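Indexing begins at 1, ligand by ligand and atom by atom, following the structure's order. Keep in mind the model is a prediction, meaning the values are calculated, not measured.
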Amino acid sequence: MDDHALLRYSRQIMLDQVDIEGQERLLAGHALVIGAGGLGSPVALYLAAAGMGRLTLADADEVELSNLQRQIAHATVDLGRNKAESAREAALALNPSCMIRALSDHLDGEALARSVAEADVVLDCTDRFSSRYAINAACHTAQVPLVSGAAIRFSGQLAVFDPRDPESPCYACLYPPGEEGGEALSCAESGVVAPLVGLIGSFQALEAIKLVSGAGTPHRGLSTFDGLGGQWRHFRVPRDPACPVCGSF
Ligand SMILES: [Zn+2]
């Protein structure tokens with residue numbers, strides 16, 4: 001790290017749990033952020049600002065007027081632009097030393113498997129169950145930790161799945177495929193209050209920074225936030241031996 005980097009990241013380096021070594025690990029780290037919308041915006045901005053060395057941002061959608069109420073990586077001038085490209089530009093403006101790749105195609109199949117395998121941590125910032133299951137399976141295959149977030153209406157949730165930890169469940173242990181039912185609503189159908197995606201996305205960024213820098217211990221179980229009541233709840237999520245993704249059968 002040169003003097004500029006030491007100064008830029010000084011407020012993190014002064015934390016005993018991060019220190020120079022943790023910041024160096026962050027600068028050498030690579031995060032894959034899938035979805036550059038409500039959750040992906042704060043994730044991309046905080047990870048770039050905090051000194052994650054490499055970011056891959058994936059989103060096939062274009063910025064629409066109804067996105068701007070909460071997707072803070074995009075500005076009014078970005079209407080019609082690809083979201084990954086727009087978020088890349090916003091994150092680079094914050095920190096030009098972050099190496100950022102924008103993927104403007106829908107990430108699935110081989111491309112998803114390859115991108116996940118190249119990352120140290122994956123952040124699921126999508127809002128579709130089909131994407132969530134595909135990302136979870138790819139993370140399990142590549143043994144890469146997954147930080148999952150979701151936000152709708154006034155409520156949100158956070159979970160970290162680490163396939164390297166034999167105790168850790170995966171996304172499909174939490175939501176067995178076929179049982180997702182009424183949860184499969186999107187913000188477009190149900191609405192979402194603006195700062196809620198910022199709150200959950202910021203938690204996702206924090207967990208990614210902890211995982212890559214080595215600070216603290218990763219979040220366990222499932223946390224849900226009720227924005228109307230202002231309350232967090234925490235649930236234990238056991239690994240399901242019959243899980244179709246990570247189960248032992
Ligand atoms: Zn599982």
Legend entry - Same cluster (ILVMFWY, side-chain, under 4.5 Å), Ile200 and Val193: yes

Legend entry - Side-chain ion pair, Arg101 and Glu118, N-O less than 4.0 Å: yes

Inset, instruction - Would you mind telling me which of Glu62, Gln71, His74 makes a side-chain hydrogen bond (donor to acceptor under 3.5 Å, both in side chains) with Lys83? - result: Gln71

Legend entry - Ion pair check, Glu89 and Arg81, cut-off under 4.0 Å: yes

Inset, instruction - Quick one: list whatever passes side-chain contact (heavy atoms from CB on, under 4.5 Å) with Ala60, sequence neighbours left out. - result: His106

Inset, instruction - Please report how many protein N/O/S atoms lie under 2.8 Å from the Zn ion (ligand 1). - result: 4

Inset, instruction - Inspect the contact between Arg8 and Asp2 and indicate whether a charged nitrogen and a carboxylate oxygen are less than 4.0 angstrom apart. - result: no

